[in-house]
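The structure under discussion appears below in the form of structure tokens.
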Amino acid sequence: MSAAATHHDQAHDHADEHGHAHVPTYLETLRANRLGLWLFCISEVFLFVALIVVRFALWGNTRPELDQALGLATTSVLLISSYFMVRAEVAIAHGDRDKFLNSLLVTFVLGVLFLVGVVGFEWGLFGITFGDHELLKPTDGAFGAVFFGMTGIHALHVVSGLFLILMVYINGRRGGYSTERHWGVEACAIYWHYVDVVWVFFYPILYLIGTPVH
Amino acid sequence: MRQLRILFSLGIVWALIGQAAGAAAGLFLVRAIRAAANLPPSAEAELVIAAMFSVFGSLLFSGVLTDWLKWCVGIETPLRHGDPDGLPAWTRYFSVDYNHKVIGIQYGVTSIIVLLVGGILAIIFRLELSWPGEQFLTPESYNTIFSAHGIIMIASILLGVGAMVNYLVPMMIGASDMAFPRLNAFSYWIAIPSAILIMAGMVIGDGWETGWVGYPPLSTIDGSPLGTQLFILGFYFNGFSSIAGAINLLVTVMIMRAKGMSLWRMPIFVWAAIATSLIQFTATQTVGAAQLMVTTQRVLKLGFFDPTFSNGLGWPAGDPILYQHLFWFYSHPVVYVFVLPGLGIISELLPVYSRKPLFGYKWVALSSLGIALVGFLVWAHHMFTSGMADVLRIPFMLATLLVAIPTGVKFFSWVGTIWGGKVTFETPMLFVLGAISVFLIGGLTGPILGTIPTDLHLHDSYWVVGHFHATMFGGFVFPFFAAIYYWYPKITGHMYNERLGKIHFWLMTPGFWLMSLGQMQVGIWGMRRRIYDYDPALGIEFTHALITLSALIIGWSVLIMIYNLITSSRTERVAAINPWGSRSPEWQVPSPLPEFNYYRPFEVVGEPYDYGVPGSVYVRDVPAAGD
Amino acid sequence: MNYKRHLVIASALVVPVTVIAYFLIAISYKLPFQGSAEAVKIDVMMQAHFVLIAFLFSLVAVLMLYGLVVFRRREGDDGDGDHIHGNTTLEILWTVVPLILVIGFGIWGVNLLNELTDAEAKPNQLLVHVQGQRWSWNFSYPELGVNAPANERAMVREVDDPNDSNNIDLILPVNRPIVLEMVSIDVLHSFWVPEFRVKQDLVPGQTTYLRFTPTAVGNYKLGCAEICGGRHAYMMATVRVVSEACFDQLVVQQLPLAEADASCQYEAMPNYPDSAK
Amino acid sequence: MEEKKSQAYQLIFTIFLVLAFLTLVEYLVSQYLDSMILLLLIAFLKAGLIVNYFMHVYRLWREESH
């Protein structure tokens, strides 16, 4: 029996041995976790801003020719996934367990679709083609570097977000979350929305701003 | 048999095994995939994936991820604490442990070991530089060694900062531990494989030659040694440690302060730790981005920093100066990560040995934040001669000079603290005073580098080398040693050997002065930085010999300290509860502290440095009645 | 405790210590020979910095040491010091005074920098093209359509490996404004002649400029000041500042050194005592 | 309770519609106006909506949880 796991009132015996073991309540842990996650988000802002700065430094007011339909499609897919994520969170907070799980599943599928859009079509990684636009190559100077760098870093976050969703889904099926205690869902949701917010900036910055160079 | 069992219970052993296994797995994976895809073998790609896998393998095998992995599959794990079952108590210092004091000591010891490695490298190339001409190194190995010295010392300093922050902050604010003990352990255990990657870079693939800055195109050009890649990845993974540690610290200070401890009643060191963490958890990301870009440029040919690209369509090419901006946006503020905790230690210890309140507490606290904030606006002063846009030089020059103001506030506050006190000169105080003197040299030689016209001569010269060694020693090394001596009785319960401590001081301080002033002298006479050999016509041979001699003296003095620290913990000299007469909470209870720091929670009822007010106390136990 | 008296004594001590400190700096940190017009201007600022360093060093060091001696704990006294928390007036004072100093130096620096980098074409100026590569320098004179001549005399270069370094000299006419137009073909390099006091990196993919006016005839050494790989230390060249007449013979007419006027032969390096022989 | 619940669903759906609309506007702006400032403004607006309504940033400075 460890002192950390014992209830506060019963911790007196252990106090002599280990000192004052403050056992944080769920709400206290929640507060710390929330703060920590948000600080992590702020920290990551500097990574993404660095990438954006690189984009503006190297591209200036130009951009490569990219498939606009594909860009709008991936953006929409990610936005819809974000909606289903928040729907899942609202559902668990109000005890709708089925709705929670279904929404989570939809989020996951949409996230995978986004990856297919970016990594599959836009990168042409699996040789799948979309429309007839010419694909940008990673070695195409600053255009290739920045585009693949930014979408790559973002895709990495999407992949890790998908892992989180999968984890939450599995735990959710086992009944790991309740109306009162679902920090895991909240954390996963914050992360997923965060990935979406990043794309909210990346989309115009990569696809819309500047004059295309042929 | 038992010894073997104990050996294989140690996390550090498993971390090393895991790193080797991960590296091997990564290597063979890339080889197999490339063979299957009919691609020619690529040493670079193998190395990168092997390095990444090795870090992950090290973390996995050491056991620092175990709790989290269990959480992933829905298993709740109580926080493990206390001495390990069936194993000697010392083994917890070599394994994954979640107690902030254990982690602090792990950081500290690792820091000193890494410091020794960096110091030995310094002495090797100092011997090479003692005389003009080629001594015993080749230019390539010289380049590798001085580059490694730089980055290894930085790793050491980051570990040392981690040690001070981890050990001291929860103790000072009355928390039982950090907010996220597992994350805390993670921060430490990822620093180990990344340090190993950096050191491996020296031996694998002919080292590297870029200095610790790793400027492209030198770091990305065809034929640059493979070691560069390991150095960059080691640097990159070390960043995880900084970011995680800083977030942890900020949350801890935000929500785990003792009752009554308002911001203006925190020990001054905590302010420094906050300022440090604010820098660490933000700026580190940009250098991480820069290192990733260099890696992708090397492996995948993404031309972020490659100016030679042209496809005839007017598409933009990369820009090598862009790297310098990203790099210094982190690497300048990180200098303040190194020195702010040290300056915090100075401000923390001076009142104790002067028996007088810290002069201008609020000003000192705000000056830490001021330095941290201004530190974000001055990065391009490392690039005054780089060829960046002229319009940028002037604002960065003015911002750079502004750093002098909060730094000046600190100096004058320290003098103000001493005046009117009753000063004693134990070893920690000597190191504090040494720190002030050395940091003074470092600080005063800064503005001449800040005004561009004078910088045009001194840039990339040995003046710069002297200047930053003085700031690093004055801002980190001396205060770190002061902190070690000061809290040694708290950590071990034993008193260090005062005589040896004083010998250490009286060897190291003049030695350092000589070294730093000598470096500045040869710099102003025309000695360039990072050169393997120099022109005897400059007339700098004698000074160079002196610099080498003083480097040796500093090296020996540090060995004396290590001897002192090791032997003193085995003596019978049990330290008094409060040998320094400090008001700080940790000195009001017997040493060493219990597992969760305090037997009962305390509340803050006074000012931290109210020396000279009879009967006033800083903290007292929370009355048991309400509990 | 009579602080006022102590403060007066300590402040009085600061003055002589400043003088001594400046004297020590002046003799141990003697700047190299002033080989360019820019060096003269920059050195004024350098000296101002040295005065400031001497003064601030003395100020902090004297107050500190004086305090440590006067306010040391006496035998048998185990009380605390005076209860002084701080002094807002003093804090403001030592925030504002440095601020003014800093602004002063800032304005000076801006003006001087603008002067040094003034891109306006000066009469009689000479454009020199500098190309850096690992690990050698190449110079040409685009306006004259010639390259810098190879160095025929072995220079005093004990540390230099003749196999690795080029032996092309940069020959410059004295007292003419020089504009260096610099490119690098591989990695970063940096052009530094300590006697000229100015420095500029060479960046692949772009052209950088450096402007100065050499004012003394003699031989100087140019070194690469930005780490550029294996033989970075040996990426040196000789800069020979010669009279206008010699420049004409050696560069414009491309005469071999042996056939040029005797006065164009070997020139001592102004501040390298042993190179005169 | 039930009412609160449907309100919550309604709110997030409304926000989603606004976001979708803004995305469309963004696309149209780039095609017809090509204004970098406007595009960035819309991006910030979208981000603000997500941070506030989807990520519940205000929970950070709320004392009690849930």
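Letters A, B, ... are given to chains in the order of the sequence lines, protein chains preceding strands, and every chain is numbered from 1. Values below: all heavy atoms of this structure, side chains included; hydrogens, waters and symmetry mates excluded. Every value quoted in this text rests on a predicted model; they were computed, and no experiment measured them.
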Please flag which part of [X] lies under 4.5 Å from any non-hydrogen atom of chain D: side chain, backbone, both or neither.
| X | result |
| --- | --- |
| A/Y191 | neither |
| A/S82 | both |
| A/F84 | neither |
| A/S76 | neither |

Is the number of heavy atoms from other residues, nucleotides or ligands under 6.0 Å of A/K99 NZ greater than 12? yes
Over 12 non-hydrogen atoms of neighbours within 6.0 angstrom of CZ in D/F21: no
Which bit of D/V57 is near chain A, if near means a heavy-atom gap under 4.5 Å: side chain, backbone, both or neither? both
Give, as side chain, backbone, both or neither, the part of D/Y53 having an atom under 4.5 angstrom from any heavy atom of chain A. backbone
With chain D, the option among A/I205, A/L72, A/D196, A/T75 that has the most non-hydrogen atom pairs under 4.5 Å is A/L72
Identify which of A/I80, A/D96, A/L35, A/V198 forms the greatest number of heavy-atom pairs closer than 4.5 Å to chain D.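 Answer, by heavy-atom pair count under 4.5 Å with chain D: A/D96.
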Please report the closest heavy-atom contact between A/C41 and A/I190, naming both atoms and the distance.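 So the two residues come closest at SG-CG2, 4.3 Å.
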Ring pair (Phe, Tyr, Trp, His ring centres under 6.0 Å) with A/H154: which of A/F48, A/F201, A/F114, A/Y203?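 Result for ring pair (Phe, Tyr, Trp, His ring centres under 6.0 Å) with A/H154: A/F114.
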Residue selection (most heavy-atom pairs with chain A, distance under 4.5 Å) from D/L11, D/I50, D/I12: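 Option with the top pair count is D/I12.
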If you count heavy-atom pairs under 4.5 Å with chain A, which of D/A43, D/A20, D/A8, D/A47 comes out on top?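 Among the listed options, the one with the most contacts to chain A is D/A43.
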Decide side chain to side chain contact (heavy atoms under 4.5 Å, CB included) for A/H193 and D/V51; before the verdict, give the C-alpha distance in whole Å, the side-chain angles of both, and the deciding distance to 0.1 Å. CA-CA 8 Å; A/H193 296 313; D/V51 168; over 6 Å; no
Which is it for A/W192 and D/F54 under the ring pair (Phe, Tyr, Trp, His ring centres under 6.0 Å) test, yes or no, and what are the steps along the way? CA-CA 10 Å; A/W192 190 254; D/F54 286 7; over 10 Å; no
Could you please spell out the steps behind the salt bridge (charged side-chain N to carboxylate O under 4.0 Å, His left out) verdict for D/R59 and A/E89? CA-CA 14 Å; D/R59 284 180 189 165; A/E89 199 198 333; 3.1 Å; yes
